[in-house]
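Here is the structure we will look at, set down as structure tokens.
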Amino acid sequence: MRWDDVNARARGLATHLLDEPNRLRLAKARTWDQLVQVARDAGYPLGDRPPDSLDQFDAAVGEVTAKRLALLGRWLGYRRTALAVVYEVEERQALRALLRGAVQGVSPAARLRSVLPTPALPRATLQQLARAQSPAELAALLLRHGHPAGRALAAAVADPRPPGLLGLELALSRTFAARATRAARRGGRILRAFASWTIDLENAWTVLQAPGWGAEAIAPDGFLGGGRVLGLERFTALARLEDSSAIRNGLAEAFGGSPFATMFDAHGGDDAGFERRALTAEIEWCQPMARLQPLGPAVVLGVLLRIRAEAHDLRAAAWRIALAAPTDAVAPSPAGAL
């Protein structure tokens with residue numbers, strides 16, 4: 001499978017992404033006006049009318065990111081199936097947010113914050129899914145749109161023993177792992193390795209939640225097969241620990257020798273913190289392979305990850321301002337040349 005043509009275009013697209021100085025300026029912005037001005041000065045296409053609220057800014061970032069991912073998808077052509085693992089990760093995040101929103105009864109607008117459209121879940125579909133009043137309704141809508149997660153979620157909802165939110169999330173995770181692994185098989189060694197690391201990170205996140213959910217709820221049903229370093233035995237042992245520091249140390253040991261080990265040193269306690277650190281590590285993992293194999297898939301994979309990281313940092317900066325959090329509460333993800 002040849003990647004040289006799409007790699008050249010991806011490198012060109014990467015020149016339009018925010019560089020490190022501008023990402024640092026965004027992270028230090030104190031007001032909406034400053035945030036919008038920094039983004040515009042950096043050439044970020046926010047449109048003719050600057051957004052003046054969190055929802056408007058979030059929607060604008062989502063639209064720009066979706067267009068960039070769609071453009072790269074068109075350039076990929078027949079190779080997009082090999083890189084579908086990246087889109088699978090984004091869909092996993094979106095479906096988790098939509099599921100939690102349905103369980104908690106939050107507004108459709110709140111459910112769509114930080115959610116990015118994908119080829120399988122375009123914006124119009126996400127808007128419909130965000131109006132689901134229950135997990136069962138969400139599963140029915142996914143089935144109507146032909147998304148495989150619908151079958152898994154419907155089966156979990158129909159279980160005679162109600163699985164609760166954790167069980168529903170794990171049903172989505174198992175679907176994600178199977179689809180990500182299958183997609184990566186078409187792309188060769190690098191993409192297979194990326195899919196395995198992604199599954200390891202999903203298992204790591206589950207283990208980090210064990211003190212709150214309880215080890216008996218996590219293992220072994222919460223384990224996803226297909227990872228590289230976090231096997232079932234170690235997963236189960238870590239899930240049984242009650243001390244979060246011990247869990248982080250165990251995960252750092254399991255991921256030792258990889259860029260992913262350091263992300264457990266000071267793990268962010270929520271989805272956003274973990275996702276950002278994972279993106280950082282994934283980009284760092286791609287960089288040496290892109291230099292060693294400039295005609296391989298690591299280049300375009302790295303650009304896809306940088307597009308996601310840019311969206312994450314913009315939205316994190318907006319949330320920090322909306323919540324009046326300190327300017328050092330959000331640090332930018334690395335840009336990194338590929």
Side-chain angles (χ1 to χ4, degrees), residues 10 14 17-20 23-24 27 65 83 85-90 92-93 96 114 116 173 176-177 180-181 184 187 189-209 224 226-231 234-235 238 244-245 247-293 296-316 329-338:
L17 302 180
L18 296 173
D19 58 16
E20 183 175 2
R23 287 181 294 109
L24 290 172
T65 306
L83 269 167
V85 58
V86 180
Y87 296 100
E88 294 291 342
V89 173
E90 200 58 56
R92 171 71 183 89
Q93 301 288 353
R96 178 155 52 193
S114 302
L116 293 177
S173 294
F176 152 75
T181 301
R189 180 180 59 84
I190 290 176
L191 292 180
R192 288 197 299 272
F194 175 76
S196 295
W197 284 120
T198 301
I199 292 171
D200 275 325
L201 291 173
E202 187 73 18
N203 282 327
W205 172 248
T206 301
V207 167
L208 286 165
Q209 307 312 298
L224 305 177
R228 294 170 67 90
V229 298
L230 198 56
R234 175 172 267 175
F235 174 93
L238 290 175
S244 58
S245 295
I247 293 175
R248 289 199 304 271
N249 291 337
L251 289 171
E253 180 181 350
F255 285 83
S258 75
F260 304 97
T262 58
M263 66 179 289
F264 303 105
D265 293 344
H267 158 63
D270 56 8
D271 281 7
F274 188 84
E275 181 189 359
R276 183 201 170 281
R277 293 174 73 83
L279 277 169
T280 299
E282 288 167 342
I283 293 170
E284 291 174 351
W285 178 78
C286 280
Q287 287 171 346
M289 288 185 296
R291 290 192 292 268
L292 289 172
Q293 300 183 38
V299 174
V300 66
L301 173 61
V303 173
L304 278 166
L305 293 172
R306 287 179 57 194
I307 291 172
R308 293 184 61 224
E310 178 186 72
H312 184 280
D313 291 341
L314 283 160
R315 285 167 156 173
V330 178
S333 303
L338 292 164

Using side-chain contact (heavy atoms from CB on, under 4.5 Å), reason through Leu314 and Leu18 one step at a time and then give a plain yes or no.
CA-CA 10 Å; Leu314 283 160; Leu18 296 173; 4.0 Å; yes

Among pairs that include at least one residue of residues 198-208, which meet salt bridge (charged side-chain N to carboxylate O under 4.0 Å, His left out), considering only residues two or more places apart or in two chains?
Arg92-Glu202, Arg96-Glu202

Among all residues two or more places apart in sequence or in another chain, which pass the side chain to side chain contact (heavy atoms under 4.5 Å, CB included) test with Gln293?
Arg189, Ile190

For Ser196 against Gly226, the heavy-atom pair lying closest together:
OG-O, 3.2 Å

Between atom CG of Leu238 and atom CG of Asn203, what is the distance when rounded to the nearest 0.5 Å?
10.5 Å

My understanding is that only residues two or more places apart in sequence, or in another chain, count here; which of them pass side chain to side chain contact (heavy atoms under 4.5 Å, CB included) with Thr65?
Tyr44, Val61, Leu69, Leu116, Ile307, Ala311

Atom pair CZ/CD of Phe264 and Glu253 - distance to nearest 0.5 Å
12.5 Å

List the steps, then state whether side-chain contact (heavy atoms from CB on, under 4.5 Å) holds for Leu224 with Thr206.
CA-CA 10 Å; Leu224 305 177; Thr206 301; over 6 Å; no

Show me the donor-acceptor pairs, under 3.5 Å and distance only, between side chains in residues 254-261 and residues at least two apart or in other chains.
{"from": "Ser258", "atom 1": "OG", "to": "Phe255", "atom 2": "O", "distance (Å)": "2.6"}
{"from": "Ser258", "atom 1": "OG", "to": "Phe260", "atom 2": "N", "distance (Å)": "3.2"}

So CD1 of Ile199 and OG of Ser173: to nearest 0.5 Å the spacing works out to 10.5 Å

Quick one: which of Arg277, Glu282, Arg276 gives a side chain to side chain contact (heavy atoms under 4.5 Å, CB included) with Leu279?
Glu282

Verdict with supporting geometry, Trp197 and Val229, side-chain contact (heavy atoms from CB on, under 4.5 Å)
CA-CA 8 Å; Trp197 284 120; Val229 298; 3.8 Å; yes

Can you tell me how far the CG atom of Leu251 sits from the CE atom of Met263, to the nearest 0.5 Å?
9.0 Å

Within this structure, what is the CZ-CD distance for the pair Arg306 and Gln287, rounded to the nearest 0.5 Å?
8.5 Å

In this structure, OG1 of Thr181 is separated from CD of Glu88 (nearest 0.5 Å) by 10.0 Å

Side chain to side chain contact (heavy atoms under 4.5 Å, CB included) involving Val86 - partner list, sequence neighbours excluded:
Leu83, Phe194, Leu301, Leu304, Arg308

Arg315: partners by salt bridge (Lys or Arg N to Asp or Glu O under 4.0 Å), with sequence neighbours left out
Asp58

